[in-house]
Amino acid sequence: MLKQRLYIFLFIVLGLCKESIAQDIHFSQFWASLHNTNPALVAYFDGTGRFSFNQRTQWNTVTKPYTTFMASYDAPIIKRPYRQDLFGLGVTAFRDVAGDSHFGTTQLNLSLSYIKALNRRNNNFVSFGLQLGGAQRNITYSELYFDEQFVNGRFDPSMQNSEQFSRSNFIFGDISVGSAWSFHKRYRQSYQVGISLSHLNQPKQSLFDDQNTRMDMKTMITFTSQQKASEDIDVYPMLMASFQGTYYEVLLGGQTRYIFSKNSSTYTTFNAGIFYRFGDAAFVMFGAEYMRYQFGISYDINTSKLHNASRYQGGWEISLNYLFNKNTPRKIKEVPCPIF
């Protein structure tokens, strides 16, 4: 019954998809950038702390490359095993720069999460999250060219333009919430569904003091699963759907993990996967895990109408996670998810 419901969920979301256009910043490796995906997943891991770094570069063949950097740290701050719940805290900083004008966003977020076990087996969880942020957006007008600076078809940098600009930057607050359900049926078999709502306050986004220009709220739905295929191989089917105003993005795919070494002192895995962002791009990813380190690299192959200019080239993305005091893998686990 559980698998049937999950399949129905997948078909319903895919039926909503016609093309993929993203309005907000995004990472292809959404499972490795959880602070940007869902605040309810903050501090949901086995360990005392987690550091994450993500970097993405795209459209290098079309214009000046768009670049995004994000760093985050999260940890459980209150853990109550007798109640089977915990409170988590996370902090995130990111910088996004786009195009010739260096239009960029610098943002700092603080996330709070609450995770509660729904049974004594410690394998069924519900979590909730709240994220509060402050951001600055800025633009460099000196890098822009206007019609008045072209004389007889040639650009003359000495020519002045009559464009009037109100300001080159502005500051705004940002509020997001999220929830998730996680079920660990047995060791190396799990399901997780999450939903998050971002930009609840619809912050103003105008450089010209236009009170009606606001950021649309964004809804993001994610589904991830782990399935044991053999003693050394796991598969991870995944889905992400994001809706913001008139724009939406749907990503579907999966990856396979090969456990190279199960030894507690040299635990090592290798990952490979392929994904498709409907109407926009396909991407391949490779990753590895060594003890407390998790690394991923992916490359987008552009398939949208922009492919004539991009020559099917999208962009690179890397992710790095480090878990502090992560428990070493155990061959036998009576408790599928040792959070508590």
Side-chain angles (χ1 to χ4, degrees), residues 1-10 31-32 34-35 37-50 52 73-90 111-131 177-197 220-239 257 259 262-264 267 269 289 291-292 294 321-340:
M1 181 63 70
L2 176 61
K3 288 186 177 181
Q4 289 177 347
R5 292 178 179 176
L6 290 172
Y7 291 150
I8 292 172
F9 169 78
L10 287 172
W31 62 90
L34 296 178
H35 287 238
T37 301
N38 191 338
L41 301 178
V42 166
Y44 188 85
F45 59 88
D46 177 19
T48 59
R50 175 174 57 189
S52 302
Y73 179 81
D74 59 330
I77 54 174
I78 300 176
K79 184 181 290 189
R80 303 184 295 185
Y82 64 97
R83 291 190 177 182
Q84 290 187 289
D85 67 356
L86 66 83
F87 295 86
L89 178 67
S111 301
L112 301 171
S113 65
Y114 174 70
I115 303 168
K116 171 66 176 176
L118 300 178
N119 61 3
R120 288 295 177 181
R121 289 199 63 210
N122 193 29
N123 71 337
N124 196 357
F125 299 90
V126 63
S127 58
F128 304 93
L130 169 67
Q131 187 175 85
V177 296
S179 63
W181 170 71
S182 304
F183 177 62
H184 300 259
K185 187 174 182 179
R186 59 177 61 91
Y187 181 44
R188 291 170 60 189
Q189 182 180 3
S190 63
Y191 306 88
Q192 185 178 84
V193 178
I195 182 171
S196 62
L197 302 174
M220 181 178 291
I221 301 170
T222 58
F223 166 77
T224 59
S225 177
Q226 177 185 9
Q227 301 293 326
K228 180 181 177 181
S230 69
E231 288 302 315
D232 299 321
I233 297 176
D234 292 338
V235 293
Y236 293 80
M238 298 180 180
L239 167 74
R257 180 182 74 165
I259 305 175
K262 297 179 180 179
N263 189 296
S264 60
Y267 182 74
T269 71
E289 180 180 359
M291 298 300 292
R292 301 178 183 179
Q294 297 173 347
N321 288 272
Y322 179 78
L323 298 176
F324 294 87
N325 294 334
K326 178 181 182 296
N327 292 334
T328 56
R330 292 172 287 177
K331 293 184 178 180
I332 301 176
K333 290 189 177 182
E334 295 181 358
V335 180
C337 185
I339 291 181
F340 303 110

**Study point:** Verdict with reasoning, Leu89 to Leu112, per side chain to side chain contact (heavy atoms under 4.5 Å, CB included)
**Key:** CA-CA 5 Å; Leu89 178 67; Leu112 301 171; 3.3 Å; yes

Looking only at non-hydrogen atoms, find the nearest pair between [X] and [Y] and report the distance.
X      : Y      : result
Gly90  : His35  : CA-CE1, 3.9 Å
Ser127 : Ile115 : CB-CG1, 3.7 Å
Arg50  : Tyr44  : NH1-O, 4.1 Å
Lys262 : Tyr267 : CA-CD1, 4.1 Å
Ile259 : Glu231 : CD1-O, 4.4 Å
Gly47  : Pro76  : O-CG, 3.8 Å

Review point. So, Ser196 side chain and Thr37 main chain: donor-acceptor pair closer than 3.5 Å or not?
Key: yes

Point to revise | Heavy-atom donor-acceptor pair, Lys79 side chain to Gln84 backbone, under 3.5 Å | key: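 A pair under 3.5 Å: no.
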
Exercise for review: Identify, with sequence neighbours excluded, every residue that meets ring pair (Phe, Tyr, Trp, His ring centres under 6.0 Å) alongside Phe87.
Suggested key: Tyr114

Can you sort out the partners of [X] under side chain to side chain contact (heavy atoms under 4.5 Å, CB included), two or more places apart, ordered by chain and number?
X      : result
Tyr322 : Arg292, Tyr293, Phe324
Pro237 : Ser225
Leu130 : Leu132, Ile175, Val177
Leu41  : Leu34, Asn38, Ala180, Gln192

Review point. Any ion pair linking Lys228 and Asp234 (charged N to carboxylate O, less than 4.0 Å)?
Key: no

Check your understanding: How many angstroms lie between NZ in Lys116 and CG in Asp85, if you round to the nearest 0.5 Å?
Key ->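 With rounding to 0.5 Å, NZ (Lys116) is 5.0 Å from CG (Asp85).
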
**Study point:** Euclidean distance, Ile233 CD1 relative to Gln227 CD, rounded to 0.5 Å
**Key:**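 It is 14.0 Å, given to the nearest 0.5 Å.
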
Exercise for review: State, yes or no, whether a side-chain contact exists between Phe45 and Asp74 at a heavy-atom distance under 4.5 Å.
Suggested key: yes

Check your understanding: Passes side chain to side chain contact (heavy atoms under 4.5 Å, CB included), Leu323 versus Gln294? Steps please.
Key -> CA-CA 8 Å; Leu323 298 176; Gln294 297 173 347; 4.3 Å; yes

Review point. Side chain to side chain contact (heavy atoms under 4.5 Å, CB included) with Gln226: which of His184, Arg257, Lys185?
Key: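 The option that passes is Arg257.
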
Exercise for review: Not counting sequence neighbours, which residues clear side-chain hydrogen bond (donor to acceptor under 3.5 Å, both in side chains) with Ser179? List them please.
Suggested key: none

Exercise for review: Give the C-alpha distance, both sets of side-chain angles, the deciding distance and a yes or no for side chain to side chain contact (heavy atoms under 4.5 Å, CB included) between Phe125 and Leu118.
Suggested key: CA-CA 6 Å; Phe125 299 90; Leu118 300 178; 6.0 Å; no

Practice item. Determine the interplanar angle of the Tyr191 and Phe183 rings, folded into 0 to 90°, and report it as parallel if under 30°, tilted if 30 to 60°, perpendicular if over 60°. Key: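 Parallel: the ring planes of Tyr191 and Phe183 meet at under 30°.
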
